[in-house]
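Remember, it's a predicted structure, so these values are computed and weren't measured experimentally. Letters A, B, ... mirror the listed sequences (proteins, then strands); counts begin at 1.
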Protein chains: 2
Amino acid sequence: MERQRRIPEATVARLPVYLRTLLEVQTDGVTTISSERLAELAGVNAAKVRKDLSYLGSFGTRGVGYDVDHLLVQMSRELGLTRDWPVAIVGVGNLGAALANYGGFGDRGFPVAALIDADPTKVGTTFGGHTIRHLDDLPALVDELGIAIGIIATPAAGAQEVADRLVAAGVTSILNFAPAVVTVPAQATLRKVDLALELQVLSFYGQRDSIGSSLREELGVTAEAKNSAV
Amino acid sequence: MERQRRIPEATVARLPVYLRTLLEVQTDGVTTISSERLAELAGVNAAKVRKDLSYLGSFGTRGVGYDVDHLLVQMSRELGLTRDWPVAIVGVGNLGAALANYGGFGDRGFPVAALIDADPTKVGTTFGGHTIRHLDDLPALVDELGIAIGIIATPAAGAQEVADRLVAAGVTSILNFAPAVVTVPAQATLRKVDLALELQVLSFYGQRDSIGSSLREELGVTAEAKNSAV
DNA sequence: CCGACCTTGTTCTCTTGTTCACAAAGTGCC
DNA sequence: GGCACTTTGTGAACAAGAGAACAAGGTCGG
C-alpha cells in the first residue's frame, strides 16, 4: 500500500486514541507493541489497528510488532502535533470559563491564547490569566497570536455569527460547543461537541433497557450498536 | 414501513438535532414543516430526514409535510424524554465542577442530582447547591435519587474504576469525559466525549489545509469528509 | 543455514449508512 | 369533481467502514 495519502475520516478519529495509548505504554518502558496488544488497550479490533497504521505508511516488523517511538513520531507528524496550535475560546460564560480553566488543552499542545466575548461588561476583565477581549478584536488577535483554532462556547443564538467571524478572520478550524447547527465554507473544518445530544442518546438506550432484557434481542438493540460511539 | 422498531444508531444520534430544531420552529409558531425545510435547518439531506422520521412510524402528510407538535411528541417519547433522568457527576475537579454549574443539563431533562468524588477533602463540602458525596455512597445515592446516568469527569487513571462502580450500583448509562479507554458490560451503554481528540482531529485537517488548496483536491480531503462530524 | 513460529499488510466479504429517484398519496384551486 | 401540484415513503444503487482470513515476510532457536 506504499505510502498512500488518503486517510479515512474514521481512521483520523482513532489516531488520537492510539497516540494516547502509545504515550502511556512508552512511559512504562515498552519499546515494541503488537497490533493485538495495541488494539486491546485502545479498545478496538486488531485488524482495524493494522489497517489504520498502514495508512501512515507504517513500518511494523512482521513477527515482532511496531516500534513504539517510531509510531509516535509518525503519528504526531501526521496529526500535525509537532507544533503548538493556539486556541481562542469565544464566549466566556459557564462553559467557556470552564474550558479556559481546564488544563487538558495546553498540556496537549493546544494552549489557550485568547478569551473572547461580545459582552462589554466582561471585556477587559481578567480570567485565568487572560484579559477578555472583544469579538471585534478577533482579526487582530489572530494575527498577533497566530490563533489556529476557535472554540465556540456561546449561547446557541450567537454561534453562527461567531463561526462566520472566525472564518473571516482566517481561523479555519472550529470546535462548536453551542447547541446549534453551524455551517462553514468548504475550506474550513468544523466539529461539534453536543452534551445534551449525548445525554439524549443515552436516554434512548437507557429507556430501551428498562423494558426488560428478554425483549431487547427482539428489538434489535445490541451491545455493539449501543457502544459504537466509543 | 409500518412501525418498524429497529432504529439505526446513526438515526438515533440525529433525532436530538431534529428535536432541537423542531422546538425552535415551534416557538416561532410554525405548525407544519416539510422534510426539505427541516433538513435545511438541521444541516442534513432531505432524504435522510424522511428516512429517519419513517423509523418513528411517522405520519407526515404527503403534499403538506409533518405536523410539528405531533413530531415532537413522537420523538420525545422515542428518546425517552417524557420524564427526567437524574444525573450523577463523578469527579468534581475542573471539568466536573464546570459541568455541575453548566445549566444546560437540567434545562433539558437531565437534572444534576448528585456530585461525587473520592477525595476526602472534597467530600462534605458544598458546590453549586450540592453536598459532595463519597464514591462509596454511590449505591445508596442511586437508590435514593434514582440516578439513571453517570458522568465520569475524573482523571484518566480513575475512569475505569468509576465506570465499574457505576455499573455495579445499577447505572447503565455512562458518559465518559476522561481521556481513557473505558469498557462496560454489554447491558450498559457508554458514550464518550474526548476534547483533546476533537482538537487533534482539527489539527490534522488544519495542517492539511495549510499546504495549499491546490493540492487539497488531489489529496482527497473533501469538505464532506472534513465536516462529517457535524 | 534451516525450519518453526509469530505478526504484519492486504484482500474479500458483510454490514451499515447515504443519496437518488420515483411512485403513491393527499391537497387545494378552478 | 377533476386536475395540477406538492411532498412523503421507500426501493435501489452507491459509498464507507468493520472484521475475518490468509499469504507474505521477518525473527530466533537450534
Side-chain angles (χ1 to χ4, degrees), chain A residues 1-4 6-15 17-18 30-68 70-71 74 201 220-230, chain B residues 1-4 6-15 17-18 30-68 70-71 74 201 220-230:
Chain A
M1 184 178 286
E2 37 90 355
R3 197 93 201 156
Q4 182 175 331
R6 171 68 215 273
I7 302 187
E9 163 83 9
T11 294
V12 173
R14 277 189 298 267
L15 290 182
V17 178
Y18 300 146
V30 174
T31 60
T32 299
I33 193 167
S34 69
S35 61
E36 193 91 32
R37 178 77 180 127
L38 180 52
E40 184 190 337
L41 294 172
V44 302
N45 177 289
K48 210 186 313 194
V49 168
R50 290 199 293 277
K51 197 176 282 188
D52 286 343
L53 296 185
S54 77
Y55 289 116
L56 303 179
S58 127
F59 279 73
T61 309
R62 301 181 189 218
V64 177
Y66 299 87
D67 182 81
V68 172
H70 184 240
L71 218 45
Q74 293 297 322
V201 171
V221 179
T222 66
E224 291 75 33
K226 285 163 55 190
N227 294 330
S228 71
V230 181
Chain B
M1 183 181 283
E2 36 92 355
R3 197 94 202 155
Q4 182 176 329
R6 171 66 215 273
I7 302 188
E9 163 83 9
T11 295
V12 172
R14 278 189 296 267
L15 290 182
V17 178
Y18 300 146
V30 174
T31 60
T32 297
I33 193 168
S34 69
S35 61
E36 193 91 32
R37 178 77 180 127
L38 180 52
E40 184 190 338
L41 294 172
V44 302
N45 176 291
K48 208 184 316 195
V49 168
R50 290 199 292 276
K51 194 161 275 193
D52 286 343
L53 295 185
S54 78
Y55 289 116
L56 302 179
S58 127
F59 280 74
T61 308
R62 299 180 191 219
V64 177
Y66 299 87
D67 182 81
V68 173
H70 183 239
L71 218 45
Q74 292 297 321
V201 171
V221 179
T222 65
E224 291 75 34
K226 287 164 55 194
N227 295 330
S228 71
V230 181

Looking at [X], I'd like to know whether one of its side-chain N or O atoms comes within less than 4.0 Å of OP1 or OP2 on [N].
X	N	value
B:N45	C:dC20	yes
B:S34	D:dT7	no
B:S35	D:dT8	yes
A:Y66	C:dG9	yes

query: Are A:L56 and A:L15 close enough that some pair of their side-chain heavy atoms sits under 4.5 Å apart?
result: yes
message: What's B:A47 touching, base or sugar-phosphate or nothing? Going by heavy atoms closer than 4.0 Å.
response: base
message: So A:R14, base contact, sugar-phosphate only, or nothing? Heavy-atom distance under 4.0 Å.
response: sugar-phosphate
Work out which heavy atom in [X] is nearest to a heavy atom in [Y]; give both atom names and the distance.
X	Y	answer
B:G60	B:Y66	CA-CD2, 3.5 Å
B:A46	B:E36	CB-CA, 4.1 Å
B:V201	A:A13	CG2-CA, 4.0 Å
A:H70	A:F59	CE1-CB, 4.2 Å
A:V68	A:T32	CG2-N, 3.8 Å

Integer-rounded Å distance: [N] [atom2] and [X] [atom1]:
X	N	atom1	atom2	value
B:D52	D:dG9	CG	P	12 Å
A:E9	D:dA15	CD	C1'	14 Å
A:F59	C:dG9	CZ	C1'	12 Å
A:E36	D:dA21	CD	C1'	14 Å
A:L71	C:dT8	CG	P	11 Å
A:L38	C:dG9	CG	C1'	15 Å

query: Going by modelled atom types, is there a donor-acceptor pair between the base of C:dT10 and the side chain of A:K51 at under 3.5 Å?
result: no
query: On a plain distance test, is the side chain of A:K48 in donor-acceptor contact with the base of D:dG17 below 3.5 Å?
result: no
query: Quick one: what's the B/S/- string for nucleotides 22-30 of chain C, heavy-atom cutoff under 4.0 Å, read 5' to 3'?
result: --BBSS---
task: Please step through side chain to side chain contact (heavy atoms under 4.5 Å, CB included) for the pair B:T61 and B:D67, ending with a clear verdict.
output: CA-CA 8 Å; B:T61 308; B:D67 182 81; over 6 Å; no
